[in-house]
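Naming convention: chains lettered A, B, ... in sequence-line order (proteins, then strands); numbering from 1 in each chain.
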Amino acid sequence: MNNEKEPFEALLEWLDPDREKAGQYYEVIRTGLIRIFVSNGLCDAEFYADEAIDRVMKRLPEIRRDYVGDPAKYFHGVGRNLIREGRRRREVATDVLPVLVWSEPEKSETSECLSKCLRLLPPDKQELVLDYHLYKGREKVNHHREMAVELSISEGALRTRVHHVRVGLEKCVLQCIKHSGKNKKHLESHS
Amino acid sequence: MELRLLTDPAFAEEFDTVVDEVADEYVGNEVEGADRKRIEEYFLQSTERQNKARFASALLEAAEERSGKVATKARVVVIPKPDIIERATSFWRERAFALRVATTVAILIIVVGVVYLNRPHTYTSGNYASLNLTITASDRASGIETKTVKLSPVTAGIRIELTLPDQIPQSSNYRVELMDEQQASRNLPVVERRSQSLVVAVPANEIAHGSYIIHLYAVNPDGSEQRIRGSYFFNVD
C-alpha cells in the first residue's frame, strides 16, 4: 500500500512543497491535459491524462534532481508524445466525421435526460440557462447584453455564470445517459 | 495555449466557455463553409466533443421549446458508420510512415512476384533457340534436309514454330506430339497460335541430343483427333 502511494506523494511534493497547493496544481494539470487531449481529437482523454501523469511519476526519480522550470512544461512534453502515439492507434470508427442531421422532433436520449436534469435545477438557474441560449447571431449578442443589464452584472460575468450552470447540467445529462444505458442493458439481459 | 491550460485555471474555464460557444454555433447552424468543415474535421473529432455537440443541440432545442418557438426539427449529431473502404483508408492513414512504406514495398514485391510467376510464357529469342519447321509429306527423315538446332549451356530451350499445311481440317485445337529416336513420344504445349502456324516450346533440360519427329493432330470439338498427314523433323546438336 505504502509503495503505491509513494510515487504519487513524490509527485505532489515535486509540484509544490505545500500539500494543498500541490493538490490544486495537480488538479489543474490533470484537467488541462484532458482539455488538450480532447482538443487534439483523442477519445478517452481521461485515460491519456492518467497515462501522462503515470509516465511522469515513473520518471520522477530521474528528473526531479536536475529538472529546472515549471513541472507543467514537463507534463506538456509527455502529453505531446502521447498525442502522437494516440493518433497512430486511434480507433478507426472515430475518424469518421460527425454529421449534423435534421430530424423530425422526436425526443433523443440526450433531450430526455436534459429535461430531467433541468427539472432538478432551481427555477432561476433553469430560466437563466434556457434564456441565454434562445437566440442566434446578432440577436443573441443583443439579448445577452439585455440579460446582463437586467441582472446588473457584466456580460463577462453573465457568460461565466451561465457556463457554471451549463457545466453542472452537462454532467447531469451524461450521468443520466450512462444510467439509462445501464438500465437498457439490464433490461435486455433479462428479456 | 496548451501550456496555459496546464497552469492557469481561469484560462481553462475561458477555454471551456469558448468550446461551448463553438458547439452552440455549430449545432445552431451559425457557421458555414470552411469554418463548418474545420469544426467537423478537428473540433468534433473526439467523442467528448461529439457528446458536447449533442448536449448543445438538446439545450438549444429546450430553449426554443420553452420560449414557445416551434421546435421545427431536432438537430442530431450523427456519427455515420464507416464503410469497409473508409475503415481501410482510415486504418491505413493511421499507421506510422515507416510502416506504410514497408507495407507498400512488401505489397509491390508480392505483386511483382505473382505477376512474374503467372506471366504468359513467351519464349524470347534471347534465351530460347528458335526453329521454324515446315511439314513434309514423308514420315521418315531420310532424303530430306533436316534442320539442326544447337543447344549451348545458356540456352533455356527450343522454341519451334510449326508452319501449318495449306489444307488441314478446320480445328480450334491441335495436339503436338514429339517423338525421339527411341520412338518415345510426349506432347508439347502450344504456347502460341498464329493464323498459319503453331509455336511450341521445349525446355533444354527436357530434350537431349538426337533426331526428333513432330506429329500434328487436329482435335475435333467432340474430342476425337485426326492426324495431319506428314511430319516435322529436326535434330538437336
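Taken from CD1 in A/I29 to OG1 in B/T7, the straight-line distance is 8.5 Å, to the nearest 0.5 Å. Separating the OG atom in A/S39 from the CZ atom in B/R49 is a distance of 4.0 Å, to the nearest 0.5 Å. Between the CZ atom in B/R66 and the CG atom in A/D131 there is a gap of 5.5 Å [rounded to 0.5 Å].
When all heavy atoms of A/C43 and B/E48 are compared, the closest pair comes out as CA-OE1, 4.0 Å. The minimum heavy-atom distance linking A/L134 with B/A63 is given by the pair CD1-O, 3.3 Å. The minimum heavy-atom distance between B/L6 and A/A72, with the atom names listed, is CD1-O, 3.5 Å.
Ion pairing between A/E109 and B/R54 fails under the 4.0 Å rule for side-chain N and carboxylate O. The existence of a salt bridge linking A/R80 and B/E2 is confirmed by a sub-4.0 Å separation between a basic side-chain nitrogen and an acidic carboxylate oxygen.
With chain A as the partner, the residue from B/E21, B/R4, B/M1 showing the most heavy-atom pairs under 4.5 Å is B/E21. Chain B forms the most heavy-atom pairs under 4.5 Å with one residue out of A/T31, A/L169, A/L118, and that residue is A/L169. The candidate from A/E27, A/R30, A/H133 with the greatest count of non-hydrogen atom pairs under 4.5 Å with chain B is A/H133. Contact count against chain B (heavy-atom pairs under 4.5 Å) is highest for A/I36 among A/L33, A/I36, A/T110.
Residue B/E30 touches chain A through its side chain alone, counting heavy-atom pairs closer than 4.5 Å. A/H163 touches chain B through its side chain: at least one heavy atom from C-beta onward sits under 4.5 Å away, while N, CA, C and O do not. For A/Q24, no part sits under 4.5 Å from any heavy atom of chain B, backbone or side chain. Heavy-atom distances place both the backbone and the side chain of B/E13 under 4.5 Å from chain A. In this structure, the portion of B/D8 lying under 4.5 Å from any heavy atom of chain A is its backbone and not its side chain. Of the two parts of B/F15, only the side chain, counted from C-beta on, holds a non-hydrogen atom closer than 4.5 Å to a non-hydrogen atom of chain A. Looking at A/V173, the atoms closer than 4.5 Å to chain B (heavy atoms on both sides) all sit in the side chain, from C-beta outward. Proximity to chain B is limited to the side chain of A/L174, based on heavy atoms less than 4.5 angstrom apart. Contacts between A/T160 and chain B at a heavy-atom distance below 4.5 Å involve the side chain alone, from C-beta outward. For B/D20, the parts lying under 4.5 angstrom from a heavy atom of chain A are both the backbone and the side chain.
Checking side-chain atoms of A/K136 against main-chain N and O of B/G28 turns up a donor-acceptor pair under 3.5 Å. Side chain of A/E170 to main chain of B/F55: no donor-acceptor pair is present (N/O by atom type, distance under 3.5 Å, no hydrogens or angles).
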Please walk me through it: do B/D24 and A/R166 pass side chain to side chain contact (heavy atoms under 4.5 Å, CB included)?
CA-CA 12 Å; B/D24 289 349; A/R166 184 171 168 150; 2.7 Å; yes

Begin from the C-alpha positions of A/L42 and B/S46 and carry the test side chain to side chain contact (heavy atoms under 4.5 Å, CB included) through to its verdict.
CA-CA 5 Å; A/L42 292 186; B/S46 67; 5.9 Å; no

Determine whether B/E14 and A/R159 satisfy the following criterion, side chain to side chain contact (heavy atoms under 4.5 Å, CB included), listing intermediate values before the conclusion.
CA-CA 10 Å; B/E14 175 64 22; A/R159 197 165 160 250; 3.1 Å; yes

